[in-house]
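A short write-up of the structure that comes next.
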Amino acid sequence: MGIAFAAPKPFRQYPGVEYYDFDLPADYQKPAEWTFARLMYPTIGWGNEWVYGGTTWTIDYPKADRHVAEMVRRLTILDARSVEQPVNLEDDDDVFYWPWLYAVEVGQWDLTDAQAAKLREYLLRGGFLMVDDFHGSREWRIFVESMQRVFPDRPIVELPDDDQIFHTFWDLDHREQIPGAQFLYSHRTFEQDGVVPRWRGIYDDKGRVMVAICHNMDLGDSVEHSDTPQYPERYSAMGMRTYLNYILYSMTH
């Protein structure tokens, strides 16, 4: 009976903050060797509503996720699933089926102790978490409060330019701040007091990046709006390259 239930959760789609009913690609039921997994999490002030979608974990979802999957299909030999996978840390051992995990707007997340423990186990087993789209000192403090429950004994550090994560597929020596769609009307690359972009991370005992932290930037918007003519191409290109480097790094380290 245990073997019968030992399988990943099937694909499901939730209403998002920006997209409520998004068309499914024709091949969405086709299995593949890699899937863009998106972390579902509690949002400060929203109670238990996060389990139904429509809260901050769904920002850019599912358009950005599917643009990344399409990019992986086109630019690598990886067989990527055309649709994403929302992952709830409370769904038994489901998270362990998805070696790549992405969380957005983590300046508003509020992990429980049990969720933090599950995420810690996932990462120490070899999983990879990329966090993105949070800005300024206030959101940084909120992010760290939950991340310290995940790893109270591991520091968050600046990723050096020579780290392999920046040189897995493209050489990303010359990175710049990647703004969200707000740039189209504000003409600012930053939000709140997050003027300086930060590429940070948490390492395991063997020197592998387990958590890649993109602070004061919005890579999700850069790929979500890669087909928006008004959004600058150079930001979309940098966002895509960063995602692809992180994805290939997570599969090879």
Side-chain angles (χ1 to χ4, degrees), residues 32-38 60 63-81 84 98-104 106 123 126-135 140 143 154-181 183 188-191 194-228 231-253:
E33 63 182 350
W34 181 85
T35 299
F36 188 110
R38 176 179 282 254
D60 308 328
K63 186 178 179 182
D65 312 39
R66 296 180 191 176
H67 280 183
V68 173
E70 183 178 2
M71 172 189 66
V72 172
R73 284 178 157 185
R74 291 180 59 188
L75 299 180
T76 77
I77 61 172
L78 292 179
D79 179 23
R81 200 173 78 178
E84 67 295 329
W98 314 101
W100 157 272
L101 196 58
Y102 175 79
V104 69
V106 291
L123 293 167
F128 182 92
L129 172 67
M130 175 182 176
V131 300
D132 173 41
D133 190 9
F134 67 119
H135 311 267
W140 177 258
F143 164 72
R154 293 181 184 271
I156 296 172
V157 299
E158 302 288 338
L159 297 178
D161 288 340
D162 62 354
D163 194 288
Q164 292 181 27
I165 201 167
F166 297 129
H167 304 279
T168 305
F169 196 80
W170 277 284
D171 287 320
L172 301 180
D173 293 308
H174 305 290
R175 300 180 301 279
E176 61 180 322
Q177 190 167 42
I178 302 172
F183 174 80
R188 295 195 314 266
T189 59
F190 66 93
E191 298 180 38
V195 177
V196 180
R198 301 291 188 186
W199 287 266
R200 291 167 166 155
I202 298 175
Y203 288 94
D204 69 7
D205 293 339
K206 296 182 178 180
R208 175 184 69 96
V209 177
M210 295 185 291
V211 183
I213 304 165
C214 299
H215 183 223
N216 295 337
M217 62 189 92
D218 191 346
L219 280 78
D221 265 15
S222 76
V223 295
E224 176 191 5
H225 294 287
S226 58
D227 57 357
T228 299
Y231 188 83
E233 182 274 338
R234 79 175 191 272
Y235 295 138
S236 289
M238 177 61 69
M240 290 179 178
R241 289 169 181 159
T242 304
Y243 274 108
L244 199 51
N245 267 37
Y246 285 13
I247 289 166
L248 293 179
Y249 177 94
S250 74
M251 299 184 70
T252 55
H253 292 75

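Bear in mind that the values here come from a model prediction, so they are computed numbers and not experimental data.
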- Query: Can you list every side-chain hydrogen bond (donor to acceptor under 3.5 Å, both in side chains) pair that touches residues 242-253, not counting sequence neighbours?
  - Reply: Y102-Y243, Q164-H253
- Task: Would you please name every residue forming a side chain to side chain donor-acceptor pair (under 3.5 Å) with S236, sequence neighbours left out?
- Result: none
- Test item: Y203 and V209 side chains (from C-beta on) under 4.5 Å apart, heavy atoms: yes
- Query: With side chains defined as the heavy atoms from C-beta onward, is the minimum distance between F36 and V72 less than 4.5 Å?
  - Reply: no
- Report the residues that fulfil ring pair (Phe, Tyr, Trp, His ring centres under 6.0 Å) with H215, sequence neighbours left out, ordered by chain and then residue number. F134, W140
- Between the CE atom in M217 and the CG atom in D132, the distance rounded to the nearest 0.5 Å is 8.0 Å
- Query: Is there side-chain contact between R200 and V131, with heavy atoms separated by less than 4.5 Å?
  - Reply: no
- Note on the structure: When every non-hydrogen atom of F128 is compared with those of A212, the smallest separation belongs to CZ-CB, 3.7 Å
- Message: If I take atom CD1 from residue I247 and atom CD1 from residue I165, how far apart are they, to the nearest 0.5 angstrom?
- Response: 11.0 Å
- Of all residues at least two apart in sequence or in a different chain, which pass the ring pair (Phe, Tyr, Trp, His ring centres under 6.0 Å) check with F183? Y235
- Query: In Å, rounded to the nearest 0.5 Å, how long is the span from CZ of R66 to CZ of R81?
  - Reply: 9.5 Å
- Query: Which distance, rounded to the nearest 0.5 Å, do you find between the CG of D133 and the CG of N216?
  - Reply: 10.5 Å
- Non-neighbouring partners of R188 that pass salt bridge (charged side-chain N to carboxylate O under 4.0 Å, His left out), sequence neighbours left out: none
- Query: Taking C-beta and beyond as the side chain, do Q177 and V195 meet within less than 4.5 Å on heavy atoms?
  - Reply: no
- Which residues pass the side chain to side chain contact (heavy atoms under 4.5 Å, CB included) test with A69, sequence neighbours left out? none
- Item | Verdict with supporting geometry, L78 and L248, side-chain contact (heavy atoms from CB on, under 4.5 Å) | CA-CA 9 Å; L78 292 179; L248 293 179; 3.7 Å; yes
- Please list, chain by chain and in numerical order, all residues satisfying salt bridge (charged side-chain N to carboxylate O under 4.0 Å, His left out) with D221, sequence neighbours excluded. none
- Residues pairing under side-chain hydrogen bond (donor to acceptor under 3.5 Å, both in side chains) where one sits in residues 67-76, two or more places apart or in two chains, turn out to be D27-R73, H67-S226
- Query: Short question: side chain of E84, backbone of A64 - any donor-acceptor pair under 3.5 Å?
  - Reply: no
- Query: Mind checking whether T168 and M251 have side chains closer than 4.5 Å, heavy atoms only?
  - Reply: no
- Item | Closest non-hydrogen atom pair between H225 and Y231, with its separation | O-CB, 3.7 Å
- Is there side-chain contact between I202 and L123, with at least one heavy-atom pair below 4.5 Å? no
- Distance-minimising heavy-atom pair for F169 and L75: CZ-O, 3.5 Å
- Message: Run the salt bridge (charged side-chain N to carboxylate O under 4.0 Å, His left out) test against D204 and tell me which residues pass, sequence neighbours left out.
- Response: R208
- Query: Looking at OG1 of T189 and CD1 of I178, how far apart are the two atoms once the value is rounded to the nearest 0.5 Å?
  - Reply: 10.5 Å
- Task: Sequence neighbours left out, what passes side chain to side chain donor-acceptor pair (under 3.5 Å) with D65? Give chain and number order.
- Result: R38
- Message: Applying salt bridge (charged side-chain N to carboxylate O under 4.0 Å, His left out), can you list everything that pairs with D162, at least two apart in sequence or on another chain?
- Response: none
- For D161, what residues pass the side chain to side chain contact (heavy atoms under 4.5 Å, CB included) criterion, not counting sequence neighbours? R175
- Looking only at heavy atoms, the pair that brings E33 and D79 closest together is OE2-N, 2.7 Å
- Message: Can you tell me which residue among V223, D218, L219 is in a side-chain contact (heavy atoms from CB on, under 4.5 Å) with D60?
- Response: D218
